[in-house]
Amino acid sequence: MKLVMIKYNAGNTRSLQYALRRLGVEPLITDDAEEILSADKIIFPGVGEASSAMKYLRSKQLDQVITQVKQPFLGICLGMQLMCTHSDENDTACLGIFESTVKLFKANDPSLKIPQIGWNTIGNLKSNLFNGIAENSHCYFVHSYYAHLGDHTIATTDYCSPYSAALHRDNFYGVQFHPEKSALVGEKIIENFINEDLLCR
Amino acid sequence: MLTKRIIPCLDIKNGRTVKGTNFVDLHDAGDPVELAALYAVQGADELVFLDITATNEKRKTLAELVDRIAQRINIPFTVGGGISSVEDVRLLLDHGADKISINTSAFKSPNLIDQLAAEFGSQCVVLAIDTKQHDDGEWYVYLNGGRVATETRCLDWAIEGVKRGAGEILLTSMDHDGTKSGFAKEITGIVSKHVPVPIIASGGGGEPKHFAEILNGIADAALAASVFHFGEIAIPDLKKYLSEQNIPIRLNC
């Protein structure tokens with residue numbers, strides 16, 4: 001299994017690397033197009049700000065590499081948001097893989113804090129990425145922007161309003177939460193991404 | 001629904017836990033990684049490691065410890081204690097910390113908060129505030145682990161810190177810390193109402209009902225140390241109790 005984690009300027013990748021290692025997979029962390037395109041599976045992590053991340057991806061032509069990928073591909077947190085069409089975070093055009101746009105949480109109740117930080121439930125699970133995961137399992141979220149519900153939604157979470165906790169189109173998957181920080185539930189989701197026979201294009 | 005968080009705090013000196021524990025099943029109770037792993041399995045929602053090492057070797061020792069924690073733990077963790085620069089933070093985040101907490105250094109150079117938020121994002125910047133109520137009824141900020149008083153009101157500093165980019169407030173009431181008589185509901189409620197970011201209440205948790213009181217509409221998370229370390233409160237029992245009190249809690253972890 002050749003698993004590549006895409007290296008770019010958004011956030012630390014150490015926790016994810018160790019989570020994969022605990023599952024017996026040593027990821028290759030690289031921004032090299034050939035390495036990415038020859039991987040069996042690809043993870044696109046991300047913590048940070050959308051516009052500077054997109055700018056960096058474009059400067060390295062990684063935007064074109066990512067949209068060409070035919071193998072199972074998993075975006076995490078900011079990674080998932082960058083796979084949508086547009087983010088309101090500094091009015092950023094994104095990769096356009098998922099037909100969702102990314103908006104800032106609007107709290108209609110002052111007790112709802114922004115960013116959302118903590119464990120929330122995922123429901124309406126509709127993918128083999130979630131095999132063995134019970135409805136309303138808890139995952140760890142840290143984010144101020146969210147992707148709305150749409151045709152590509154494969155898991156739903158409610159904060160301020162229901163939104164996409166995970167998206168899927170063809171070989172592309174994205175999760176808003178951090179599976180590498182979501183205890184055994186997250187571990188199982190990463191294991192599914194590694195082991196399940198997921199779609200290729 | 002977003003759940004309330006239970007956060008054990010581990011004090012660290014020279015890479016070891018400072019206070020003892022009475023977990024008989026731990027191979028090495030002084031090893032923060034072993035204790036952290038146990039808490040993670042028991043259902044802790046996050047962990048905080050507070051480093052009180054004062055030597056020059058501190059940064060390296062702490063970074064090595066953070067790396068060992070990240071290798072083992074599958075829940076989020078925050079590292080604090082003597083962090084005073086962007087470079088300190090970069091080192092800890094690069095070694096796998098999810099968040100860092102800053103206290104005295106941020107008060108002395110508030111611009112540090114802006115710099116950290118710009119460089120790494122607000123989501124990893126926790127502003128820790130130690131506070132104490134004076135005879136005039138106001139709560140004031142204390143520095144250097146509570147040894148140095150200031151004339152700044154706790155609420156004013158919390159509001160400024162969040163404006164500058166702090167993503168969470170860790171609020172410790174020195175009047176309640178160590179008393180096991182309950183968390184500081186009044187000041188925690190005031191700060192929580194006036195800042196838009198999550199509040200972690202700290203100091204005074206001695207019984208499960210104290211956690212229920214502070215998490216019921218006041219704080220987003222509750223932190224404690226010795227009641228967990230000495231087994232006075234077991235995390236699974238606490239979470240079951242809170243759930244029975246209709247507080248949203250992550251069970252079945």
Side-chain angles (χ1 to χ4, degrees), chain A residues 9-23 46-50 52-53 77-78 89 105 107 109-121 123 134 136-145 157-160 162 177-188 190, chain B residues 1-7 40-41 43-46 66-78 89-99 117-124 126 162 167-169 192-200 217-221 248-253:
Chain A
N9 64 334
N12 91 67
T13 50
R14 188 71 66 106
S15 301
L16 187 58
Q17 183 189 350
Y18 287 152
L20 290 164
R21 203 179 276 177
R22 285 195 291 272
L23 291 166
V47 172
E49 189 276 320
S52 57
C77 196
L78 179 66
E89 190 173 19
F105 278 130
D109 168 352
S111 74
L112 293 174
K113 305 298 182 74
I114 296 167
Q116 172 178 227
I117 299 182
W119 299 79
N120 204 333
T121 49
N136 299 316
S137 291
H138 288 97
C139 290
Y140 188 79
F141 291 83
V142 182
H143 61 128
S144 299
Y145 290 81
T157 293
D158 197 336
Y159 194 72
C160 300
F177 52 87
H178 284 275
E180 75 279 17
K181 288 289 161 184
S182 296
L184 295 178
V185 170
E187 217 160 273
K188 177 69 183 158
I190 298 174
Chain B
M1 188 172 195
L2 182 67
T3 59
K4 302 287 183 173
R5 289 170 279 155
I6 299 298
I7 308 178
V41 169
D45 296 304
E46 264 182 60
V66 166
D67 191 81
R68 285 207 299 131
I69 295 165
Q71 287 184 38
R72 184 85 177 268
I73 304 299
N74 57 13
I75 60 170
F77 66 95
T78 301
V89 171
R90 191 187 311 279
L91 184 71
L92 296 172
L93 295 179
D94 282 351
H95 280 77
D98 298 288
K99 312 181 213 179
E119 187 74 24
F120 309 108
S122 289
Q123 82 290 333
C124 68
V126 181
V162 170
E168 261 181 308
I169 302 279
S192 186
K193 202 184 286 174
H194 286 88
V195 302
V197 302
I199 308 292
I200 305 165
I218 301 179
D220 302 280
I249 281 289
R250 178 178 68 110
L251 297 173
N252 310 320
C253 359

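Reminder, nothing fancy here: chain letters follow the sequence lines and each chain counts from 1.
Under the 3.5 Å distance criterion, the side-chain polar atoms of A:W119 are left unmatched by any main-chain donor or acceptor of B:L2. Put simply, the side chain of A:R14 never gets that close to the backbone of B:H95: no donor and acceptor are under 3.5 Å apart. In terms of modelled atom types and a separation under 3.5 Å, the side chain of A:N120 and the main chain of B:M1 share a donor-acceptor contact.
Note: B:D45 CG to A:I117 CD1 = 13.5 Å, rounded to the nearest 0.5 Å. Between A:S137 atom OG and B:R250 atom CZ the span is 10.5 Å, to the nearest 0.5 Å. Rounding to the nearest 0.5 angstrom, the gap separating the CD1 atom in B:I249 from the NE2 atom in A:H138 is 8.5 Å. Atom CD of B:Q123 sits about 8.0 Å away from atom SG of A:C77, to the nearest 0.5 Å. The OG atom of A:S15 sits 12.0 Å away from the CD1 atom of B:I75 when rounded to the nearest 0.5 Å.
Using a 4.5 Å cut-off between heavy atoms, A:V142 touches chain B through its side chain atoms alone. Neither the backbone nor the side chain of A:E49 comes within contact range of chain B; no heavy atom of the residue lies under 4.5 Å from a heavy atom of that chain. Contacts of A:T121 with chain B are made by both backbone and side-chain atoms, with heavy-atom separations under 4.5 Å. Contact of A:R22 with chain B is made through the side chain alone, with heavy-atom distances under 4.5 Å. Using a 4.5 Å cut-off between heavy atoms, B:S192 contacts chain A through both its backbone and its side chain.
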What's the verdict on salt bridge (Lys or Arg N to Asp or Glu O under 4.0 Å) for A:K113 and B:D220, showing C-alpha distance, side-chain angles and the deciding distance? CA-CA 9 Å; A:K113 305 298 182 74; B:D220 302 280; 3.5 Å; yes

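Between B:D98 and A:K181 a salt bridge is recorded (basic side-chain N to carboxylate O distance below 4.0 Å).
Side-chain N/O atoms of A:E180 and B:N74 include no donor and acceptor closer than 3.5 Å. A:Y18 and B:D67 are linked by a side-chain donor-acceptor pair at a separation below 3.5 angstrom, with hydrogens and angles left out of the test.
For the set B:G121, B:P196, B:S122, B:C124, the count of heavy-atom pairs under 4.5 angstrom toward chain A peaks at B:P196.
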